[in-house]
Each structure stands twice: as C-alpha cells, then as structure tokens.
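We're numbering straight along the sequence, starting at 1. These values consider heavy atoms only, across backbone and side chains, with no hydrogens, waters or symmetry-generated copies.
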Amino acid sequence: MSACVPTRTSDSTRARRAHPPHSPPSGPHRRFRVAGADVSASIAVFLIALPLSLGIALATGAPLQAGLVAAAVGGIVAGCVGGSPLQVSGPAAGLTVVTADLIQRYGWRTTCAVTVLAGLTQLGLGCLRVARTALAVSPAIVHGMLAGIGVTIAVAQLHIVLGGTPQSSVLANLRALPAQLAGLQPAAVAVSTLTLSLLLLWPRIPGRAGRLLRKVPAALVAVAGATAAASLAGLTLPKVDLPSWRSHALAGLPEGPALGVAAAVLTTTLVCSVQSLLGAVAVDKLISSRADLISSPTGRAPRVGRSDLDRELLGQGAANIVSGALGGLPVAGVAVRSSANVQSGAVSRNSTMLHGVLVVIAALLMVPVLELIPLASLAALVMAVGIQMVSLHHIRTVTRHREVLVYAVTTLGVVFLGVLQGVTLGIAVAVAVALNRLTHTRITHHEQRGVHHVHVRGQLTFLAVPRLSRALHLVPHGTPVVVELDGSFMDHAAYETLQDWQKTHTAQGGTVELTGRRLNAAATAPAPTGAGADCRCRPWTPWRNHQCELPRSARASGSESPEQPGEPSAPPTPQEPHEPNEASDTAGSAGPVGPAGPGADGSHHPLVRGISAFQRNTAPLVRGELARLAREGQQPTQLFLTCADSRLVTSMITSSGPGDLFVVRNVGNLVPPPDEENGDDSVGAAIEYAVDVLKVRSITVCGHSGCGAMQALLGSEPGGRQTPLKRWLRHGLPSLERMADDGRPWARLAGRSPADAVEQLCLTNVVQQLDHLRAHESVARALRAGALELHGLYFHVGEAQTYLLTGNDGGELFDHVGHRV
C-alpha cells in the first residue's frame, strides 16, 4: 500500500503544486484602486457624520465649521496613520462637555491650542507604547464618564430644543428649565419633535420596504425631514450659519493660567485616548464577526488585522494636531460611525479616508444646503445621542459585577464637577472598593447531618484571622469538619492558624477535609489523610504526564517509577476555575483498579488518586454547573469528532466546559461512509443523534500531528491477517487515495510545508472525512437547511498550535488560529 503513495521529497511536481510560483513582478506604474465596498461604506459614514459633526459643534459653542474640519481631519489623517483601519474618527460626543468648558473659559483660539498640545501628548504616549495601559481603567469608570457626559449634553440641548439658550453648567440648566418651559417656542418644539420621531421610528419600519429604507442612516433622514418640513411650513427659526472660510479662526498661543491649561490638556488627552482605544477594541470585536475580514478569499493573510493600539494612539495624536491647527474640534474614535463603517461592508482604511474627502467636498460645495438646517433639529439629534450614552446595558453589567457605586460616583462627579474631577473620583472609589474586597472576608459556620461546615468566602489574610479562629473554635472536639476555602489567596498568618487548628483537631479524634480554591502554593494546607492524601496535582495546573508524589514506601515498593532527575512535580498555581481537567483522565491508564497494587484499597493507584483529587479539589467548583446540567439535560453546541490519542485534550484546546461538546473519539478521527458495506453504526449513530436530536449547530473533525493511525496507513502492506485495527483503518483508504491523486491539490498549512508524508496524510484525512460527513443523510439535510456548519481542525501537538481549515475550493488551507481579544 505504501508503494502507491509518493512522499513529498520524491515528487517534484507535487512540490511545485504545494508551492505555486510567484506572480510576475508588477509594472513600475501601480494604479491606486479602491474597492467598491469601501466606496459604499464611506458614503454611509459620510451621511451619518455630516449632521452629527454640525450638531456637536453647536453643542460645544464652537464655530460650526470646526465640526466639519474635525470630521475631515479625523477621516483622512487618523484613517491614514491610525492603527485601527476601520475605526472612524471625528468630533465625538464624549468630548462635548470638555470642549464647551474650554471655550467658555479660554476662548476658541486657546481651545484649538489645547487640542494641538493634547495631540502632541498623545504622540508622546504612543512613542512610549503605553496604549495598553489605558485599557486598565475600570470599565465602570469609562461607562460612568460617558454617562455623565451624556446627561450633561442632553440637559444642555434640551434648552435649544425648547427654543432657548443653554447655560454654563448642569445645575444652571436645571434651575433655568422651569422658566424655559414657560416660554417655549412652538416652532422649535415642533421641529425637534419631528426630528426625534424620525430618528426613533425610521429603524423600526417593518417589512421588506423597511429593510431597504434602513440603508439610509436615520440621522440623515431625521435632519433632512425636519429641514424640509420647516422650509415648506415657512417656520422662522435659527438655522445653521457657516461664515466664509476666509474668516475661520485658527489656533493661537494658549492664554490663561498655566495650571488651568495643563489640566485642560490632560483632560482632553485622557478622554480622547481612552475613548479611541476602547473604540478600537470594540471595532476588533465587530470585525471578528465578519468572515470576509478574518481571512482573504485566497487564503493568505487576514484582510484586516487586529488593531495596533500604539499606532492608533499616534494616529489620534496626529489628527488632533492637524485639527487644532486648522481650527477644528478635538478628534477621537466615534463608535456610531465606526460600527456603521464595519456593518456597511468596508474592507480597508480607504473607506475612512474617503468619508473625510466627502466631508471636505460638502464643506466647500454644500454650504447653501447646510444653511437650511434648523438649529433645533441638530440639537434634538445631539440630545438623542447624549441620552443613548447612558446605556442600560452598561448599568446592568456594572451591577452584575458589583461596581455600581464606582459607576454612580463617576457619573455624578462628571455631571456636577467636570470630566477630570469625576474620573478622579471614580478612580478613588474603584481603589477603595478593591481594597475593601481584598480585606473583607465572610466566614460562616453551620452543622449538617453531624458534619460541621466552615465556609470562608473571600481572601484569607491576617485581618480575617480573629474571625477564622472564632469560627473554628465553634467546632466541637472529635467531630468531622469540612473547611471550604472559596478564595484565591491565603497569607502566612492565616495558613499557620488553619494548620495549627487542623493538627489539634485531628489529634483529638476529629477529621478535617479542606476543599475549595486552595490556589496559593505557599499557603496550601496539607491534604487530608486517606486515599490520595499525597497527590500534589491540582485542577488546571501545569503537569508533566500528571506526575503525583507518592510516599517513599510506595515508591520503594516499585508501584510508581521514580521521578526523572531535574523534573520535579510542578507546584499548584492559580487558574480559572471553569475548564474541566480532562488531562487527569489519563491518570488511570496504568492498569486495572483492584487490591493487587500497593494498599489493599488501591489508594496508590493512579486512577484512584486522580479521582480522589477530583472529589477534593474540582468537584466543589463544578458541582453547581453539573447539577444544572443534570436538571436541564445536555444542550451541546457542536459535535467534535477527533482521534483517541491521549495527547489530544479536547476541552483544553477548545476552552470548553461540561455540556459544551458532544465528543466522538476513535482511532484516526475517521467518519465511515454511510453505506451498508463500509458503514459503522457507532459513528453514524453519534452523528445522527447529535444532528437530529441534540440539534448541534456545527460539526468539527480534528486531526493531529504524529497520528498513529495515519502512520499505520502509510506503512501497511496489502494482504495479511485482517485484525480489528486493519478492518477499521480501511475507512482511511479514501484519504490515502486522495493524497495520491495527481488531479487534486494537496491540503497545506499556512506559512510552511507539511513536515513529511504523515503530516500531509493527517491534513488530507481531515478534508476527506468532511466529505464523508456530507454523505450522511442527517448532515446533508441540515446543511441544505442552513442549520449546520462543518469545520476542519488540525492540532500540532509539539507546537501546541491549532490550524483551522479556511477553504476547500481549489486547494485546502489550514491557517493559524491565533490570539484574539
């Protein structure tokens, strides 16, 4: 059989097919090409950015042209230089309060100078490569800051909506609101109401017509509709006034107290940077939902990679320098425009830059049209944006994570004191909350069926030692005790207290069982006596063949091979407690369980030790989840078909937990075709049950490097005695034939050639088994209905690297699956 399979080194034509020749060099003149998707996306973003930029400029009290300058510079400069290709920058609502305060205090020219200085500061931070540090700010503080800014914007714009003029602060606006309500102007209220109604109802138009109409941005429809209605009705209202560009004010030297200007630069830098960096991370998440951006159709590098945050900070700094110098508003990444850019199908930074060019064209050629827009309509638009910044989703999130106090203090601080003061207050409260959680420990004691339970929830430090001692002394002598340590840290004082009490209680005839998250190696109390007492393995810890330290007597008797020199058992280290330790399953592979081994109860057998470690360490962590699964039944999302090789730990390489995967393992990860002669009811039944009963949404076939089944296929000879293994491996013969077929392109790995014929067959086998899957009736039916997806994986054991099959048309490519945010 092996004679009919040419190896990679001996087949030059196959090598040429695996490595296609490079295309001829391009000519000296390369034309700049823009994808049609980028053009359409840029138009959609432009239609959103135009009214919003004017509205934000109106809300800050800056010249309306400043909003257009910032939108154009943000699109062209930040789009060209920034590290997030699909993020759209411009005048952001989050900067409205900061900019308005600067204009009132120092005037417009100094505000432009502050914008330039903030851009220089961002350039310095980008050169220092500290962009990731900004993401360390608690999300509760960021969301609270945006909510406070949103409240401030909404209260101020409400006065313009009612036909009046906003005051300088939130408190002043609230105090003036009754008088404003008494003297409201019906025309302004009517235009604002129409704008808000269109803004709210346009995305909710039902049916096929609604899907077509929703392609036009709601913000553009709202402002255009209100403008048309006001013009047709002949309403006399304040409208957009764009003076000649000849009189446009540029940046000047900063005037005012040095400390005040420095604080203004710091605040502008902070808000611009944090909002832009968080926006870049959010754009990465949007990109990950689009398969066409993750990998190109040719299977080469991704079309749009992850954001380079340091480069993005440099791009934002450059944009702020240019915007401030040209008399524009401060620039930051804008979530609304960025999400519209991604959802409109943009594939490169060209869409962002084109949107900036369109803003320039509009600012130069559409002045008569823009001057028809009523200010009340723009104010209503910006007020709606401010209200949306107070996100109920964010409030629910911070409440779930017990950070509502940080959120509330930051929000109120921004509303009543200012952005920098509010953020400072939020950081102080966040630090205080973190310290309180570190020092606050809850210790309870109760008795259940004669067993005393002492539950320690939180960090066990010296501050909790008095309460721990009181709880432990409530336990009567000679009784069984379970001490549950539900925390991630135990200092030396608490460790000694617990150890001394355990020795005393055990000497008086009692028993002690320690359970829970004993994660700190230096502070872990001794394991309970009995079976598995000397097993040092912990759940989700580094291991080397799951080595466990046995008593010297057991090692001397030959029940366990001695440890290799220089390879001590790895100490326990903290890990996330939500992935099962499937690696411990291999602990029982040494032989049958029984009294034949050392210890009449088999307590030194690897399987018994592994089970004992599970019951002591892992079971308390997963008991609640398994109880839920027992009540609700299994609802896995995918069928995972892989090899029975002991090195392939499915839960580890997929980061899955109980109930996530319906796993089928066999020698060679084979899927027998569904015919009477070659069919296999075991695998076929699992496929039918997973698809028709469990309703899985995907099936994955996972091969791996060094597969013994593939080696056996390559090395076997025709004829001979038909053993069970040979009869099973006949299902792999189509993979062998596929690999030998000169008319088919070989499956290949991204970045390198397969190491040898075995690895080539492993890759080919995954592709072939996917074809076998499609032949099963239940799979074919689900694929036709669009309810099922098929995936191919290849796991290289030595590299600890997973490769995903990205295409099977004209040549199958297994591409890297790297780190993702």
Side-chain angles (χ1 to χ4, degrees), residues 34 38 41-42 45-46 49 53 66-92 94-95 99 112 114-135 251 265 268-287 293 302-326 328-342 346-360 821:
V34 180
D38 284 332
S42 68
V45 175
F46 160 72
S53 300
L68 300 177
V69 171
V73 171
I76 298 173
V77 178
C80 178
V81 182
S84 182
L86 299 190
Q87 175 164 249
V88 182
S89 300
L95 295 163
T99 309
C112 293
V114 168
T115 302
V116 173
L117 293 174
L120 291 172
T121 306
Q122 286 180 301
L123 284 182
L125 294 175
C127 293
L128 294 175
R129 306 186 67 82
V130 297
R132 287 279 173 186
T133 307
L135 301 181
V265 172
T268 304
T269 303
L270 173 66
V271 178
C272 288
S273 301
V274 172
Q275 183 170 341
S276 300
L277 295 177
L278 291 177
V281 174
V283 169
D284 283 348
K285 294 179 181 179
L286 291 175
I287 291 174
L293 296 181
R303 302 182 72 171
V304 178
R306 291 172 54 196
S307 297
D308 184 338
L309 296 184
D310 292 305
R311 180 180 172 182
E312 179 64 16
L313 197 55
L314 292 172
Q316 295 295 329
N320 274 311
I321 293 173
V322 176
S323 179
L326 296 179
L329 292 170
V331 171
V334 187
V336 175
R337 294 170 223 182
S338 301
S339 60
N341 192 37
V342 176
V347 295
S348 73
R349 63 177 72 244
N350 291 334
S351 63
T352 302
M353 299 166 63
L354 277 176
H355 125 269
V357 173
L358 292 175
V359 172
V360 173
V821 178

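- For S323, there are no side chain to side chain donor-acceptor pair (under 3.5 Å) partners at least two apart in sequence or on another chain.
- In this structure, the side chains of L125 and V130 come closer than 4.5 Å at one or more pairs of heavy atoms.
- Counting only N and O atoms by type, the side chains of Q316 and S89 include a donor and acceptor under 3.5 Å apart.
- Residues S348 and D38 come closest through the heavy atom pair OG-OD2, 2.6 Å.
- A donor-acceptor contact shorter than 3.5 Å links the side chain of S276 to the backbone of G333.
- For the side-chain contact (heavy atoms from CB on, under 4.5 Å) test with N320, the passing option among V73, V331, V114, L123 is V331; the others fail.
- For S84 and E312, the side-chain atoms include no donor-acceptor pair closer than 3.5 Å.
- With values rounded to the nearest 0.5 angstrom, L270 atom CG is found 10.5 Å from Q275 atom CD.
- Under the rule for a salt bridge (Lys or Arg N to Asp or Glu O under 4.0 Å), the partners of D310 that lie at least two apart in sequence or sit in another chain are R129.
- Heavy atoms only, all atoms of each residue included: L313 and G126 are closest at CD2-N, 3.7 Å.
- Nearest heavy-atom pair, S307 versus D284, reported as atom, atom and distance to 0.1 Å: OG-OD1, 2.9 Å.
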Self-check item: CA sep, side-chain torsions, deciding dist, call: L329, T115, side chain to side chain contact (heavy atoms under 4.5 Å, CB included)
Solution: CA-CA 7 Å; L329 292 170; T115 302; over 6 Å; no
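- Between R337 and G90, the shortest heavy-atom contact is NH1-CA, 3.8 Å.
- Considering only heavy atoms from C-beta on, Q122 comes within 4.5 Å of C272 through its side chain.
- With contacts defined as side-chain heavy-atom distances shorter than 4.5 Å, the pair L86/S338 does not qualify.
- By the 4.5 Å heavy-atom criterion applied to side chains, I76 and V322 are not counted as neighbours.
- When every heavy atom of F46 is checked against every heavy atom of L358, the shortest pair comes out as CE1-O, 3.5 Å.
- The backbone N or O of G75 lies less than 3.5 Å from no partner atom in the side chain of T352, so there is not a single donor-acceptor pair.
- Sequence neighbours left out, not one pair with a member in residues 66-83 passes side chain to side chain donor-acceptor pair (under 3.5 Å).
- Pairing each heavy atom of G324 with each of C112, the nearest pair is O-CB, 3.3 Å.
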